[in-house]
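Structure record follows, encoded as structure tokens.
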2 protein chains.
Amino acid sequence: MSAQQSWPAPPSSGAGKAQRPQKRSGRRRAEILEAAMSVFGEHGYANGSLHDIAERVGMTHAGVLHHFGSKEQLLIALLEYRDDADVAELEGHHAPRGAPLLEHLVDTAEENGKRPGIVQAYTVLLGESVTDNHPGRNFFAERFAGLRDMITSAVADATNRPMDDPQTVSAACAIVATMDGLQPQWLLDRDAVDMRATVELTIRALVQELTRQ
Amino acid sequence: MSAQQSWPAPPSSGAGKAQRPQKRSGRRRAEILEAAMSVFGEHGYANGSLHDIAERVGMTHAGVLHHFGSKEQLLIALLEYRDDADVAELEGHHAPRGAPLLEHLVDTAEENGKRPGIVQAYTVLLGESVTDNHPGRNFFAERFAGLRDMITSAVADATNRPMDDPQTVSAACAIVATMDGLQPQWLLDRDAVDMRATVELTIRALVQELTRQ
DNA sequence: CCTACCGATCGGTAGG
DNA sequence: CCTACCGATCGGTAGG
């Protein structure tokens with residue numbers, strides 16, 4: 001935001017009508033974010049270069065910095081951009097809360113199996129986020145806190161247990177962990193892991209275990 | 001190995017007796033590997049520098065390269081070194097196979113809660129390993145294949161199911177995923193996650209679910 | 001194991 | 001959004 005600067009019109013476009021510069025700029029930002037997701041997924045954040053990202057959208061790395069100010073801010077924008085996309089999708093499915101959320105997580109695991117690029121970027125960035133002073137640390141910490149809350153509530157709903165029961169919280173931790181932990185296994189050997197079936201089994205087993213007691 | 005070179009004795013040590021150079025060198029290698037685990041954990045492999053590692057053991061980065069040939073070979077040596085340490089510990093506990101392995105995994109989760117440095121290094125390196133052409137890729141792929149096999153066998157043992165049952169395999173995938181997926185959650189908020197209790201609950205729930213059917 | 005050095009790359013800035 | 005540039009850092013090598 002504070003890094004946003006103004007800049008003159010492109011060399012040959014002259015001073016004609018503005019062609020909705022905001023809209024074009026928004027589209028451009030989205031293109032850069034998509035390229036960043038690919039590059040960070042393929043090489044990691046630390047090892048992914050602004051040059052590579054810029055090349056994929058046909059500009060120089062200084063152009064990318066014009067749009068995002070710094071590499072760190074590009075990362076943060078990317079994480080929020082991905083989160084928005086997930087939330088939009090969640091709302092498309094009517095943003096399930098309570099017990100139906102658990103079924104939605106199984107669908108998510110299945111959909112992830114069709115988006116290796118997104119899974120790769122998520123896995124790499126999550127891993128890097130636990131390094132000291134990493135710019136993505138806060139994002140993931142808050143994401144986990146929010147997910148655990150929502151899923152604890154869903155498990156409580158499905159098992160008629162209180163939300164502050166330690167076992168209910170543990171089940172929520174386990175569900176998040178299973179989904180995240182399956183991703184590197186799957187990326188490293190896609191034939192060895194059925195993400196949907198495994199998440200489905202784990203959720204069913206946990207709900208049964210907490211209900212039966 | 002092919003990068004190993006000979007080099008003259010240190011400036012002031014003269015040509016006296018050799019002082020068990022192999023032993024001293026082995027100790028030095030171990031010191032470097034411990035430093036590398038810290039540095040790669042704190043900054044990631046891509047972003048961790050040989051300079052930092054060398055500094056922590058009181059030498060220059062050229063000295064580190066003398067011992068390991070290249071940064072990639074240092075990483076591979078580190079992964080094998082860690083694996084050896086785990087295996088040694090496993091054997092210390094009598095290398096459980098079959099159902100008792102599942103109890104051992106719960107103990108491992110608890111012990112991990114006392115070794116944040118190792119957990120951080122593992123989480124970071126695993127995340128980076130799914131990037132394209134990463135030197136640690138093979139190590140983790142084979143590690144997962146081996147773990148899944150052992151745990152599938154243990155689950156089959158505990159539930160009287162065949163090893164080639166898809167649900168048995170899924171349970172093994174889920175147990176590995178839960179242990180790995182809990183680590184970033186725990187590193188980002190240690191008070192929010194009880195690794196031992198969560199692994200214990202997940203294993204119990206999965207075994208029950210597969211037994212009950 | 002060190003000194004000295006190299007080529008390469010990188011993020012960021014100036015200035016238009 | 002580009003050109004041109006900067007300082008910094010990095011892995012690796014030569015040569016002892």
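Chain letters run A, B, ... following the sequence lines, proteins first, then strands; residues in each count from 1.
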Run the numbers on B:Tyr45 and B:His134 for ring-ring contact (aromatic ring centres under 6.0 Å, His included), then give the verdict. CA-CA 10 Å; B:Tyr45 168 70; B:His134 192 275; 5.5 Å; yes
To the nearest angstrom, the CZ-C1' distance between A:Phe68 and D:dC1 comes to 14 Å
Criterion side chain to side chain contact (heavy atoms under 4.5 Å, CB included) against B:Arg82, the qualifying member of B:Leu33, B:Ile118, B:Leu125: B:Ile118
Using whole Å, report how far CZ of A:Arg29 lies from P of D:dC1. 11 Å
Distance-only donor-acceptor pairs under 3.5 Å for side chains of residues 181-196 of chain A, two or more places apart:
from: A:Gln185; atom 1: OE1; to: B:Arg148; atom 2: NH1; distance (Å): 3.0
from: A:Gln185; atom 1: NE2; to: B:Cys173; atom 2: O; distance (Å): 3.2
from: A:Asp189; atom 1: OD1; to: A:Asp191; atom 2: N; distance (Å): 3.4
from: A:Asp194; atom 1: OD1; to: A:Arg196; atom 2: N; distance (Å): 3.3
from: A:Asp194; atom 1: OD1; to: A:Ala197; atom 2: N; distance (Å): 3.0
from: A:Arg196; atom 1: NH1; to: A:Glu110; atom 2: OE1; distance (Å): 3.0

Just how far, in rounded Å, is P of D:dC1 from CD1 of A:Ile53? 14 Å
Nucleotides 2-10 of chain C: protein proximity per nucleotide (B base, S sugar-phosphate only, - neither; heavy atom, under 4.0 Å): SB------S
Using salt bridge (Lys or Arg N to Asp or Glu O under 4.0 Å) as the criterion, list what pairs up with B:Glu31, not counting sequence neighbours. B:Arg28
From CD of A:Glu72 over to P of C:dG12, roughly how many Å is that when rounded to an integer? 8 Å
Tell me, which pairs form a side chain to side chain donor-acceptor pair (under 3.5 Å) where one or both residues lie in residues 170-180 of chain A, sequence neighbours left out? A:Tyr122-A:Asp180, A:Ser170-B:Thr198, A:Thr178-B:Thr178
Whether over 12 other heavy atoms sit under 6.0 Å from B:Asn133 CG: no
Exercise answer: donor-acceptor pairs, residues 50-61 of chain B side-chain atoms, under 3.5 Å, sequence neighbours excluded:
from: B:Arg56; atom 1: NH1; to: B:Glu42; atom 2: OE2; distance (Å): 3.4
from: B:Arg56; atom 1: NH2; to: B:Glu42; atom 2: OE1; distance (Å): 2.9

Rounded to whole Å, please give me the gap between CD1 in A:Ile32 and C1' in C:dG11. 16 Å
Determine whether a donor-acceptor pair (N or O, by modelled atom type, separation under 3.5 Å) exists between the side chain of A:Asp157 and the backbone of A:Ala99. yes
A correct dot-bracket answer for DNA chain D, with pairs being Watson-Crick or G-U at under 3.5 Å, [ ] for crossing pairs and | for inter-strand pairs, is ||||||||||||||||
